[in-house]
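The next block holds one structure in the form of structure tokens; read it before the comments.
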Amino acid sequence: MSGHHAARGRRATERKGDLRERAILDTCEALLAEKGYEAMTVGDLAQGAGITRGALYFYFGSKQEVVTALVARTVEHLWERSLTTARSEDPRRAVAAAMRRTVELWNAHGLVMRTAIDLSLTVPEIGALWDRTADLFITAITAVLERAGVPPGEEPDQASSMGRALCWMIERSFYHASQESPERLSRASATCEHIWLTSAGLTS
């Protein structure tokens, strides 16, 4: 086989593998809603993705690995958005954009986000993903506070400490509100946004 044909063959194989992996992760998200993490089995995942159990084990070693990959895929969007927020110039616009994007993610994937939080204490890989997500969000919130004039530092009235508290307030608020309705999530977001702006001295 020529180098050109070999490369094309590899690309086709990679694409097929990517599609199968995506099908497994999409099935996992659907099964979380239908059965929940505990009741879901590797057999359910394979059947939903249209492959055998043996084929699924080619991609993932366990149900836990599938859920970890699903969490990683979901929070990757949040990482990108956090970095965009940290680089944004106007603090008010940065806060509004961060909250809007976070609401969009929770509306689309709230069950995955709640599952990540639930499993973060017992599944080390998910815990590490969630810690990284929180750290990036804290960094973004802290950067906005500092641009608004809050002094940097770890004292209670300084940006790093305030950013950390705001991050965990938003996580808990979204966790609970997203279980009720999109309207409740929107209201919780508006409250969190108001508190963030107030903390930054941007409400006047």
Side-chain angles (χ1 to χ4, degrees), residues 14-15 17-51 53 55-86 97-141 163-164 166-182 184-186 188-189 192:
E14 286 161 5
R15 279 199 297 272
D18 289 345
L19 288 171
R20 279 190 173 170
E21 190 169 315
R22 192 177 313 132
I24 294 166
L25 297 183
D26 290 345
T27 297
C28 182
E29 187 159 7
L31 286 169
L32 282 174
E34 184 185 323
K35 293 189 166 193
Y37 176 74
E38 294 300 331
M40 175 176 67
T41 67
V42 169
D44 294 331
L45 289 165
Q47 184 178 4
I51 58 176
R53 284 173 62 104
L56 186 140
Y57 283 121
F58 178 77
Y59 299 97
F60 299 102
S62 65
K63 174 178 78 172
Q64 186 173 297
E65 280 189 20
V66 178
V67 175
T68 301
L70 176 61
V71 170
R73 182 178 77 171
T74 305
V75 299
E76 189 176 341
H77 302 298
L78 196 57
W79 298 341
E80 292 164 5
R81 291 163 185 181
S82 295
L83 292 172
T84 301
T85 299
M99 297 307 294
R100 184 177 63 251
R101 290 167 183 151
T102 307
V103 166
E104 288 169 1
L105 185 66
W106 276 82
N107 272 328
H109 304 289
L111 187 56
V112 177
M113 303 290 273
R114 291 194 301 272
T115 300
I117 292 167
D118 291 342
L119 296 177
S120 62
L121 294 177
T122 55
V123 180
E125 295 82 3
I126 291 178
L129 280 168
W130 202 250
D131 286 346
R132 182 182 169 203
T133 303
D135 286 345
L136 285 168
F137 204 52
I138 289 165
T139 298
I141 294 171
R164 195 172 297 110
L166 285 165
C167 172
W168 296 120
M169 175 197 71
I170 292 167
E171 185 216 82
R172 275 293 109 181
S173 298
F174 278 37
Y175 180 97
H176 291 292
S178 68
Q179 294 179 82
E180 296 186 34
S181 67
R184 182 71 68 174
L185 184 62
S186 179
S189 173
C192 290

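Keep in mind that the numbers below use all heavy atoms, side chains included, and drop hydrogens, waters and symmetry copies.
Residue Cys167 holds its SG atom at 5.0 Å from CD1 of Ile141, rounded to the nearest 0.5 Å. Within the model, atoms CD of Glu171 and CE of Met113 stand 8.5 Å from one another, a figure rounded to the nearest 0.5 Å. Rounded to the nearest 0.5 Å, atoms CD1 (Ile126) and OG1 (Thr133) are 11.0 Å apart. To the nearest 0.5 angstrom, Glu21 atom CD is 9.0 Å from Arg73 atom CZ. Atom-to-atom distance recorded for Gln64:CD and Thr122:OG1 is 7.5 Å, nearest 0.5 angstrom. One finds the CG atom of Leu185 at 8.0 Å from the CH2 atom of Trp106 (value rounded to the nearest 0.5 Å).
Contact of the Trp130 side chain with the Leu121 side chain is not registered, since no non-hydrogen atoms from C-beta on lie closer than 4.5 Å. Two residues are said to be in side-chain contact when any heavy atoms from C-beta on lie closer than 4.5 Å; Val66 and Leu70 fail this criterion. Within the 4.5 Å cutoff, the side chain of Ile24 has heavy atoms near those of the Ile51 side chain. Side-chain contact between Arg172 and Trp168 is absent, with no heavy-atom pair separated by less than 4.5 Å. Residues Phe137 and Ile170 have side chains in contact (heavy-atom distance under 4.5 Å, counting atoms from C-beta outward). The closest side-chain heavy-atom distance from Ser178 to Arg114 is below 4.5 Å.
Looking only at atom types and distance, the side chain of Thr41 has a donor-acceptor partner in the side chain of Asp44 under 3.5 Å away.
Contact record, Leu56 with Val42: CD2-CG1, 3.8 Å, taken as the closest heavy-atom pair. Annotation for Lys63 and Tyr37: closest pair NZ-O, 2.8 Å, computed over non-hydrogen atoms. Nearest heavy atoms, Phe174 versus Met99: CZ-CE, 3.7 Å. Considering all non-hydrogen atoms of both residues, Met40 and Leu32 come closest at CE-CD2, 4.1 Å. Shown here for Cys28 and Val67, the closest heavy-atom pair between the two residues is SG-CG2, 3.7 Å. Here the closest heavy-atom approach between residue Ala188 and residue Ser173 is recorded as CB-O, 4.3 Å.
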Please assess Asp135 against Arg132 for the test side-chain contact (heavy atoms from CB on, under 4.5 Å), listing each intermediate value before the final yes or no.
CA-CA 5 Å; Asp135 286 345; Arg132 182 182 169 203; 5.6 Å; no

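Within the 3.5 Å criterion, the main-chain N or O of Ala23 finds a donor-acceptor partner in the side chain of Thr27. A donor-acceptor pair is defined here as one N or O able to donate and one able to accept, closer than 3.5 Å; such a pair exists between the side chain of Ser120 and the backbone of Ile117. Judged purely by atom type and a 3.5 angstrom limit, Glu29 has no side-chain atom pairing as donor or acceptor with the backbone of Leu25.
In this structure, Glu65 places its CD atom where more than 12 heavy-atom neighbours from other residues, nucleotides or ligands lie under 6.0 Å away.
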